[in-house]
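What follows is a short report on a single structure.
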Amino acid sequence: MMIQNIKGGITAVAGFSAAGISSGIKKNGRPDLALILSEKPCMAAAVFTKNQCPASSITFNKSLLRSKKGQAIIVNSGNANAATGVQGMCDTKRMVASAAKQLGISQRLVYVASTGVIGEPLPIEKIEQAMPLLSKALSNQGGQLAAEAIMTTDTFVKEVAAVGKVGRKEVRIGGIAKGSGMIHPNMATMLAFLTTDVTILPDLLQAALREVTDRTFNCTTVDGETSTNDLVILLANGQGKADLISKRGEAFRQFVSILYEVCKQLSKMIVLDGEGATKFITVDVVGAKSNRAAREIAFSIAKSSLVKTAFFGQDANWGRIVAAIGNTPSKINLSKLDITFGAIRLIRNGVYQGKVVEARVSEYLKKKEVSLSVDLKSGSGRSTVWTSDLSYDYVKINAAYRS
């Protein structure tokens, strides 16, 4: 199936506009308020963090999603509005009410997201005062501005758009995301907002998002931390020409393929932007007894601080990888184990291949994008996880996060 990247992010999809401005939440004056709007009500799907201390925005959106509809998303950065008690929920509702009033739509069609420092009261008055300017700034080319406004410690804008065929008709999907730290799967692990012109039954839209999330956003880890605020929201306005997707047939699979491509690219951008990261690392585990076992092993490797610091130091410390593999419930037969860096096999059937081979691996690890493959030769289970290294800058960034 041919899927082509196009420009425009969320506003590459007809019928959607977006904006991003500064409302004064951030001390540095950078953009901190974003708005996404559809010309008409959409089918809505979402997945949420499983953190047991969720922000009020998560609780609010879960309730709203019962209608399976939506038309707008209002997002602030610089303040998480989490662990803020009853006042936090009141401020979330005021934020939604302000956006709905300015847009002239029902509050029951407005989703909300916040990201930033936990525990501080949301400066809701600043958001309310900025709402008229934000709504006037809405543009069908405003996707990048919205992507900038949701950033916190991100170092670059994350936006993607793609076009593909469902049946014989073109379907577009756009997306923006933020995330570089507190990234670990427990869905969700960042903020991501997706738009599409597909016409689809709401339960199938939710099923598609959940399936793709498990294969993309839930296959990333930067630091093993799951945030209180994180979510993914998908709005489908049905303004495309493709026929209604009403069952799990070929059309559904084609739509999932396009959605997967967009979410995969956003996921990789988040890992590549890991706070202080110098490397993008793909961890492939094959030959496990089950896919679940492969996933557990892949994440044990990918979230290991010792493994991640070894990658930062360009050190082929395979012992740390073996330790991470063993730190899972799976029974491992070391005499079958292969560990390969790129195309260089350092461990073959559990046997170290020597310092000459290790020197080649160390040279390979100087690259910015590297891969690690583990073959257990014990079954057909497999899994892929994306992660980053752990550098000095990660500590510096997070030590000064509230400064």
Side-chain angles (χ1 to χ4, degrees), residues 183-185 189 214-224 264 267-268 270-272 274 276-392 394:
I183 302 297
H184 186 65
T189 53
D214 284 341
R215 294 165 53 201
T216 56
F217 295 123
N218 269 350
C219 288
T220 66
T221 183
V222 169
D223 50 18
K264 180 180 74 172
S267 298
K268 287 188 172 183
I270 289 169
V271 173
L272 195 60
T278 68
K279 298 188 187 302
F280 178 89
I281 306 162
T282 299
V283 179
D284 288 310
V285 174
V286 300
K289 292 181 179 179
S290 66
N291 288 342
R292 179 177 180 178
R295 185 182 178 90
E296 288 174 344
I297 292 167
F299 270 113
S300 183
I301 296 168
K303 71 181 183 181
S304 166
S305 295
L306 292 177
V307 172
K308 289 159 72 70
T309 50
F311 272 102
F312 173 66
Q314 300 167 10
D315 178 11
N317 193 334
W318 58 273
R320 292 182 175 180
I321 297 168
V322 171
I325 294 170
N327 193 26
T328 65
S330 296
K331 291 184 178 180
I332 307 298
N333 187 339
L334 281 174
S335 66
K336 293 182 177 181
L337 180 66
D338 287 358
I339 298 177
T340 305
F341 295 81
I344 308 166
R345 188 160 300 173
L346 185 58
I347 305 299
R348 185 187 297 272
N349 293 325
V351 177
Y352 172 56
Q353 298 300 294
K355 292 190 177 297
V356 173
V357 178
E358 183 174 333
R360 291 172 56 205
V361 173
S362 296
E363 187 66 25
Y364 168 74
L365 292 179
K366 293 179 180 180
K367 294 183 177 182
K368 186 171 181 61
E369 295 195 22
V370 296
S371 65
L372 171 69
S373 176
V374 172
D375 190 349
L376 302 168
K377 301 175 188 171
S378 299
S380 59
R382 62 191 307 128
S383 181
T384 298
V385 169
W386 301 305
T387 189
S388 60
D389 60 346
L390 196 58
S391 71
Y392 308 125
Y394 179 85

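Quantities reported herein were computed from a predicted structural model and do not represent experimental measurements.
A heavy-atom distance below 4.5 Å is not found between the side chains of L337 and S335. With a 4.5 Å cut-off on side-chain heavy atoms, Y352 and I347 count as touching. For the pair C219/R295, a side-chain contact is recorded, criterion being any heavy-atom separation below 4.5 Å from C-beta on.
Atom CZ of residue F280 and atom NZ of residue K268 lie 5.0 Å apart, to the nearest 0.5 angstrom. Interatomic distance, E358 CD to L365 CG, rounded to the nearest 0.5 Å: 9.5 Å. Taking CG of L346 as the start and CH2 of W318 as the end, the distance is 7.5 Å to the nearest 0.5 Å. Atom CG of residue D375 and atom CZ of residue R382 lie 9.0 Å apart, to the nearest 0.5 angstrom. Note that CD1 of I344 and OG of S373 are 13.0 Å apart. Values are rounded to the nearest 0.5 Å. Here the CD1 atom belonging to I297 is positioned 4.5 Å from the OG1 atom belonging to T328, to the nearest 0.5 angstrom.
Q314 and Y364 share no side-chain donor-acceptor pair at under 3.5 Å. For the residue pair T387 / K308, a side-chain donor-acceptor distance below 3.5 Å is found, with atom types taken as modelled. In the model, D284 has a side-chain atom that pairs as donor or acceptor with a side-chain atom of T384 under 3.5 Å.
Nearest heavy atoms, A324 versus S300: O-OG, 2.5 Å. Shown here for S380 and N291, the closest heavy-atom pair between the two residues is O-OD1, 4.2 Å. Here the closest heavy-atom approach between residue V271 and residue W386 is recorded as CG2-O, 3.8 Å. Smallest separation of non-hydrogen atoms from V361 and A316: CG1-CB, 3.4 Å.
Side chain of D338 to main chain of N349: a donor-acceptor pair is present (N/O by atom type, distance under 3.5 Å, no hydrogens or angles). The backbone N or O of T309 lies less than 3.5 Å from no partner atom in the side chain of D389, so there is not a single donor-acceptor pair. Of the possible polar contacts, none joining the K368 side chain to the L272 backbone as a donor-acceptor pair under 3.5 Å is found. Side chain of E369 to backbone of K367: no donor-acceptor contact under 3.5 angstrom is found. When atom types are taken as modelled, the side chain of T282 and the backbone of S371 share no donor-acceptor pair closer than 3.5 angstrom. Judged by distance alone, the side chain of S304 and the main-chain N or O of A302 form no donor-acceptor pair under 3.5 Å.
Across V322, V285, V286, T340, a single residue satisfies side chain to side chain contact (heavy atoms under 4.5 Å, CB included) together with V374, and that is V285.
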Item to complete: Kindly determine whether N333 and K336 satisfy side chain to side chain contact (heavy atoms under 4.5 Å, CB included), including the steps that lead there.
Response: CA-CA 6 Å; N333 187 339; K336 293 182 177 181; 3.7 Å; yes

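Atom NZ of K289 sits in a sparse spot, with 12 or fewer heavy atoms from other residues, nucleotides or ligands closer than 6.0 Å.
Ring geometry for F311 against F341 counts as tilted: the plane angle lies between 30° and 60°, on a 0 to 90° scale.
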